[in-house]
Amino acid sequence: MLRVKNVSMTYQKGKKEALKDVSLTINEGEFTALLGQNGAGKSTLINILAGNVKKTAGTVEIGGFDLDRNELETKKIIGIVPQDTGYDFVFTIDEALKKQSGYFGIQNNRDTIDELLEALYLTEKRSARLRDLSGGMRRRFLIAKALVHRPKILILDEPTAGVDIEMRHTLYEFLVKLHESGTTIVLTTHYLEEAEKLCNRIVIIDGGKLIADEPKTDLMETFSQEAIIEVHFEQSLTRSDFEFLGAYDPEITEDNRLLLRAPKKELSKVFKMLSEKEMAFTNLVVEKPKLEEIYLRLIKQ
Ligand SMILES: Nc1ncnc2c1ncn2[C@@H]1O[C@H](COP(=O)(O)OP(=O)(O)OP(=O)(O)O)[C@@H](O)[C@H]1O
Ligand SMILES: [Mg+2]
């Protein structure tokens, strides 16, 4: 569906290497998270796919069409929700969506537009000018704009940045439905719980290089041999009390909570050590690592 092969990108006449030999294939029906720190190269990659930035090396194929030779065809297949946008502020939502449809030679798509506005909670705002929308409304408008030509792949560059919590969850539901109805989705986000919840594949780029690309379940499984143990005590804690647990990375949080990381097979040993200490604890929580922790560890490596 989408094939990126040995793509590199250098800005400023060779001074700034933003992507280094990135290869990535996205298959039909996948819901992929594209993760990475600020400046990792995510938007650069997305802008290349959108045809807004010209790569310095490599090839990109979208729906079987080569981006360099057949850009117009690739645009029909892909819908992009950009991170930064310059758009026509004086237009209303309705006008902007009709204009966007026009680019694709689509007329009489009132039903599609109505449907999108409804699903993105923008119906009431359809006659408002873009410049008068709030930041969160603009992001939703951009999603409608990316979908107006019913693309097979939707790529979203931080669509939930600055969107309130309730609306974020509404957007998740929208994306899940869109995915279920057959759209392939690539989502860039800094909210890792979002990626963990929605996506089935995790791609991480760091310093312009691909450092992980795995089905989410595999990635989580690799790290699930470890447990995170949180013990709550009545009294305040000091580090020196827990030197005997040094092998388990003890960390004191919120004054009276102890955080430990241990291989699952050593859980009973840890509990035994804790109980021998004879400090009464009020709560005990054992969790598996979250995507956020796994991500941080991969980035540090
Ligand atoms: N137009 C440009 N000219 C020069 N350098 C650029 C340009 N756009 C991006 N860069 C540089 O390329 C690198 C990658 O930037 P990019 O915007 O792709 O990162 P990102 O992963 O999207 O980050 P963020 O999470 O902050 O959005 C950065 O070092 C950035 O400074
Ligand atoms: Mg970006």
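Numbering of ligands and ligand atoms starts at 1, following listing order.
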Is G36 close to ligand 1, meaning an N/O of one under 3.5 Å from an N/O of the other?
-> no
Looking only at distance, does A18 have an N or O less than 3.5 Å from an N or O of ligand 1?
-> no
For H190 and ligand 1, answer yes if some heavy atom of the residue is under 4.0 Å from a ligand atom, otherwise no.
-> yes
Tell me whether [X] contacts the main-chain N or O of [Y] through its side chain, where contact means a donor paired with an acceptor under 3.5 Å.
| X | Y | answer |
| --- | --- | --- |
| K125 | L117 | no |
| T184 | G29 | yes |
| N256 | Q235 | no |

Measure from atom 30 (C) of ligand 1 to the protein's non-hydrogen atoms and state whether any distance is below 4.0 Å.
->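 So far as the 4.0 Å threshold goes, atom 30 (C) of ligand 1 is out of reach of every protein heavy atom.
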Heavy-atom protein contact below 4.0 Å for atom 27 (O) of ligand 1 |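 Protein heavy atom within 4.0 Å of atom 27 (O) of ligand 1: present.
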Counting heavy atoms under 4.0 Å, the part of E158 that contacts ligand 1 is side chain
Test side chain to side chain contact (heavy atoms under 4.5 Å, CB included) applied to K55 and N6, D68, L19, the passing residue = D68
Decide, counting backbone as well as side-chain atoms, whether T188 has an N, O or S atom less than 2.8 Å from the Mg ion (ligand 2).
-> no
Decide, counting backbone as well as side-chain atoms, whether S43 has an N, O or S atom less than 2.8 Å from the Mg ion (ligand 2).
-> yes
